[in-house]
Chemist: 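So that we are looking at the same thing, I have put the structure below in structure tokens.
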Amino acid sequence: MNETLQLMHSHRSVRSYQDKPVAPELLDAVLDAAWKGPTSINGQQISLVVVQDPERRKRIAEIAGGQPWIAQAPVFVAVVMDFHKTRLGVEMAGEKQVIHDSVEAFAVGSVDAGIALGNMITAAHAAGLGVVPIGGIRRDPQAMIDLLELPELTFPLVGLVIGHVQDDADLKPRLPRASFIHRESYQAAELAGHIAAYDDTLRRHWQDIGRADGEPWTANTARYYRQVYFPKVAPVARAQGFGFDQ
């Protein structure tokens with residue numbers, strides 16, 4: 001197995017960082033991994049907002065629900081769905097953009113944001129840096145929009161903390177591979193058994209690392225998915241000019 005695959009197979013979300021800046025050329029290389037990534041129809045409907053100012057990072061940590069590692073690490077990158085940029089291009093071509101009035105816009109924007117995020121994660125690991133993705137910026141998206149001065153038809157989907165690792169994290173076990181990779185068609189029959197087995201695996205993992213507050217996967221997932229845990233996303237997206245009726 002080559003080094004890149006080994007890095008990808010050993011991903012850990014790091015929540016402890018050194019008080020040490022990331023070299024500008026190293027950060028640019030990580031950012032460029034996202035910039036060079038593929039996007040649907042070459043629309044390039046993603047922009048990155050790089051935040052290094054300590055006070056701004058502290059504010060993002062608050063917006064995200066109190067995540068101190070955002071303020072601790074030297075770099076935070078907001079991955080922004082950007083149909084403001086595409087609308088300008090469409091209008092320069094003499095046409096009117098309508099894609100932002102559809103669910104498809106959020107689907108394609110989210111897919112392309114995920115590609116950019118994944119590329120940055122791999123690049124940062126390859127550079128010897130630690131990362132943790134932050135979905136919590138959607139907890140109060142309007143606050144993020146105001147902080148980053150985002151124009152209409154943009155939306156902050158996810159963020160990424162980047163820095164030099166202080167205390168490394170443990171490698172968390174995943175659901176059984178057979179619950180993730182399906183051959184030719186979705187294999188539902190054994191899924192409940194895989195989930196039950198994973199609950200047992202995760203319980204042992206929490207015990208092994210001394211996490212008394214660790215939950216089984218079913219309980220943790222239920223705690224979030226029994227509700228819409230970021231309810232401000234839809235109203236703020238609409239206020240930003242997005243529609244969901246097509």
Chemist: Listing request: all ring-ring contact (aromatic ring centres under 6.0 Å, His included) pairs with a residue in residues 159-196, at least two apart in sequence or in separate chains.
Modeler: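 Output for this query lists His182-Tyr186.
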Chemist: With a 6.0 Å cut-off (strictly less than), is the heavy-atom count around CG of Asp168, excluding the residue itself, greater than 12?
Modeler: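 Enclosed.
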Chemist: Can you name the closest pair of heavy atoms from Pro173 and Tyr198 and give their distance?
Modeler: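 Taking every non-hydrogen atom into account, O-OH, 2.7 Å.
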Chemist: Once you round to the nearest 0.5 Å, how far does CD1 of Ile41 lie from CD1 of Ile99?
Modeler: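 Interatomic distance, Ile41 CD1 to Ile99 CD1, rounded to 0.5 Å: 8.5 Å.
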Chemist: Apart from Leu171 itself, what residues make up its hydrophobic cluster when side-chain heavy atoms of I, L, V, M, F, W and Y under 4.5 Å apart count as a link, directly or indirectly?
Modeler: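 The other cluster members (ILVMFWY side chains, heavy atoms under 4.5 Å, direct or chained): none.
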Chemist: Show every ring-ring contact (aromatic ring centres under 6.0 Å, His included) that has at least one partner inside residues 56-101, sequence neighbours left out.
Modeler: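 ring-ring contact (aromatic ring centres under 6.0 Å, His included) check on residues 56-101 returns no pairs.
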Chemist: Verify the cluster assignment for Leu48 and Val158: are they in a single hydrophobic cluster under the rule of side-chain heavy atoms below 4.5 Å apart?
Modeler: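 Linked within one cluster.
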Chemist: Taking the side chain as every heavy atom from C-beta outward, state whether Ser47 and Thr154 have any pair of such atoms under 4.5 Å apart.
Modeler: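 A side-chain contact is absent here, since even the closest heavy-atom pair is not under 4.5 Å.
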Chemist: Donor-acceptor pairs under 3.5 angstrom involving side-chain atoms of residues 55-63: please list them, not counting sequence neighbours.
Modeler:
{"residue": "Arg56", "atom": "NH1", "partner": "Leu147", "partner atom": "O", "Å": "2.7"}
{"residue": "Arg57", "atom": "NE", "partner": "Gln52", "partner atom": "O", "Å": "3.2"}
{"residue": "Arg57", "atom": "NE", "partner": "Pro74", "partner atom": "O", "Å": "3.4"}
{"residue": "Arg57", "atom": "NH1", "partner": "Ala71", "partner atom": "O", "Å": "2.5"}
{"residue": "Arg57", "atom": "NH1", "partner": "Ala73", "partner atom": "O", "Å": "2.5"}
{"residue": "Arg57", "atom": "NH2", "partner": "Gln52", "partner atom": "O", "Å": "3.4"}
{"residue": "Arg59", "atom": "NH1", "partner": "Glu62", "partner atom": "OE1", "Å": "3.4"}

Chemist: Please confirm whether the backbone N or O of Gln44 pairs with a side-chain atom of Thr39, one donor and one acceptor, at under 3.5 Å?
Modeler: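 Indeed, once roles are kept as given, a pair shorter than 3.5 Å links the two residues.
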Chemist: Just distance, no hydrogens or angles: give the donor-acceptor pairs under 3.5 Å from side chains in residues 225-236, sequence neighbours left out.
Modeler:
{"residue": "Gln227", "atom": "NE2", "partner": "Arg223", "partner atom": "O", "Å": "3.1"}

Chemist: Would you mind listing every ring-ring contact (aromatic ring centres under 6.0 Å, His included) that reaches into residues 21-55, with sequence neighbours excluded?
Modeler: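 Sorted pair list comes back empty.
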Chemist: Are Asp245 and Asp101 packed together at the side-chain level, in the sense that at least one heavy-atom pair is separated by less than 4.5 angstrom?
Modeler: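 Not touching, per the 4.5 Å side-chain cut-off.
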Chemist: Is the CD atom of Glu95 crowded by more than 12 outside heavy atoms at less than 6.0 Å?
Modeler: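 Counting other residues, nucleotides and ligands, CD of Glu95 stays at 12 neighbours or fewer.
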Chemist: Among all residues two or more places apart in sequence or in another chain, which pass the side-chain hydrogen bond (donor to acceptor under 3.5 Å, both in side chains) test with Asp199?
Modeler: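 Asp199 satisfies side-chain hydrogen bond (donor to acceptor under 3.5 Å, both in side chains) with Thr218 once adjacent residues are dropped.
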Chemist: Look at the side-chain heavy atoms of Ile, Leu, Val, Met, Phe, Trp and Tyr, link any pair under 4.5 Å apart, and say whether Val165 and Ile134 land in one connected group.
Modeler: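 Yes, it is one cluster - the side chains of Val165 and Ile134 are joined through contacts under 4.5 Å.
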Chemist: Rounded at 0.5 Å granularity, tell me how far CD in Glu25 sits from CG in Asp32.
Modeler: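 The distance works out to 12.0 Å.
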Chemist: Would you mind reporting whether Val14 and Val132 have side-chain heavy atoms less than 4.5 Å apart?
Modeler: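 They are not in side-chain contact.
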Chemist: Please determine whether residues Phe106 and Val90 belong to a single hydrophobic cluster, defined as Ile, Leu, Val, Met, Phe, Trp and Tyr linked transitively by side-chain heavy-atom distances below 4.5 Å.
Modeler: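 Phe106 and Val90: separate clusters.
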Chemist: What heavy-atom pair brings Lys172 and Leu202 nearest, and what distance separates the two atoms?
Modeler: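 Answer, listing the atom of Lys172 first, then Leu202: CG-CD1, 4.1 Å.
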Chemist: Closest approach of Trp217 and Leu175, non-hydrogen atoms and distance?
Modeler: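 Where Trp217 meets Leu175 most closely, the heavy atoms are CZ2-CD1, 4.0 Å.
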Chemist: Can you list the other members of the hydrophobic cluster that holds Met92, where links are side-chain heavy atoms under 4.5 angstrom apart?
Modeler: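 In the cluster with Met92 are Leu88.
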Chemist: I'd like to check Asp112 versus Met81 (side-chain heavy atoms, cut-off strictly below 4.5 Å). Are they in contact?
Modeler: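 SC-SC contact between Asp112 and Met81 ruled out.
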Chemist: Do Val77 and Leu26 land in one hydrophobic cluster if side-chain heavy atoms of ILVMFWY residues count as linked below 4.5 Å?
Modeler: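 Linked, Val77 and Leu26 end up in one cluster.
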Chemist: In Å, rounded to the nearest 0.5 Å, how long is the span from CD1 of Ile46 to NZ of Lys85?
Modeler: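 Answer for the CD1-NZ pair, Ile46 versus Lys85, is 8.0 Å.
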Chemist: Report the residues that fulfil ring pair (Phe, Tyr, Trp, His ring centres under 6.0 Å) with Tyr17, sequence neighbours left out, ordered by chain and then residue number.
Modeler: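 Listed in chain order: nothing, the list is empty.
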Chemist: Does any non-hydrogen side-chain atom of Ser179 lie less than 4.5 Å from one of Ile195?
Modeler: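 They are not in contact (no side-chain heavy atoms under 4.5 Å apart), so the answer is no.
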Chemist: Rounded to the nearest 0.5 Å, what separation is found between the CD atom of Gln166 and the OG atom of Ser16?
Modeler: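 Rounded to the nearest 0.5 Å, the CD-OG separation comes to 5.0 Å.
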Chemist: Decide if atom CD of Gln18 counts as having more than 12 heavy atoms of other residues, nucleotides or ligands within a radius under 6.0 Å.
Modeler: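 Count over threshold, so yes.
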Chemist: Quick check: do Thr86 and Leu153 have side-chain heavy atoms less than 4.5 Å from each other?
Modeler: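 No, every pair of side-chain atoms sits at 4.5 Å or beyond.
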Chemist: Return the minimal non-hydrogen interatomic distance between Leu157 and Gly109, and the atom names on each side.
Modeler: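 Closest pair (atom of Leu157, atom of Gly109, distance): CD1-O, 3.8 Å.
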Chemist: Minimum heavy-atom separation for Gly66 to Pro68, with atom names?
Modeler: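 Distance-wise, the nearest heavy atoms are O-CD, 3.5 Å.
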Chemist: What heavy-atom pair brings Gly163 and Val22 nearest, and what distance separates the two atoms?
Modeler: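 Scanning both residues, the minimum pair turns out to be CA-CG2, 4.1 Å.
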Chemist: What pairs with Asp146 under side-chain hydrogen bond (donor to acceptor under 3.5 Å, both in side chains), at least two apart in sequence or on another chain?
Modeler: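 Result, side-chain hydrogen bond (donor to acceptor under 3.5 Å, both in side chains) vs Asp146: Gln142.
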Chemist: Apply side-chain hydrogen bond (donor to acceptor under 3.5 Å, both in side chains) to Gln187 and list each qualifying residue two or more places apart in sequence or on a separate chain.
Modeler: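 Gln187 satisfies side-chain hydrogen bond (donor to acceptor under 3.5 Å, both in side chains) with Ser185 only.
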Chemist: Please tell me if the side chains of Arg203 and Asp200 come closer than 4.5 Å, counting only heavy atoms from C-beta onward.
Modeler: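 Yes. Closest side-chain heavy atoms under 4.5 Å.
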Chemist: Shared ILVMFWY cluster between Val111 and Val79, side chains joined below 4.5 angstrom?
Modeler: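 Different clusters: Val111 never reaches Val79 through Ile, Leu, Val, Met, Phe, Trp or Tyr contacts under 4.5 Å.
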Chemist: Taking the side chain as every heavy atom from C-beta outward, state whether Arg211 and Asp170 have any pair of such atoms under 4.5 Å apart.
Modeler: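 No; the side chains remain at least 4.5 Å from each other.
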Chemist: What pairs of donor and acceptor atoms, side-chain ones from residues 116-126 against any protein atom, are under 3.5 angstrom apart with sequence neighbours left out?
Modeler:
{"residue": "Asn119", "atom": "ND2", "partner": "Ala33", "partner atom": "O", "Å": "3.0"}
{"residue": "Thr122", "atom": "OG1", "partner": "Gly118", "partner atom": "O", "Å": "3.2"}
{"residue": "His125", "atom": "NE2", "partner": "His11", "partner atom": "ND1", "Å": "2.9"}

Chemist: Is it true that a side-chain atom of Arg12 and a backbone atom of Ser10 form a donor plus acceptor pair closer than 3.5 Å?
Modeler: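 Yes, the answer is positive, given that a donor and an acceptor are paired below the 3.5 Å cut-off.
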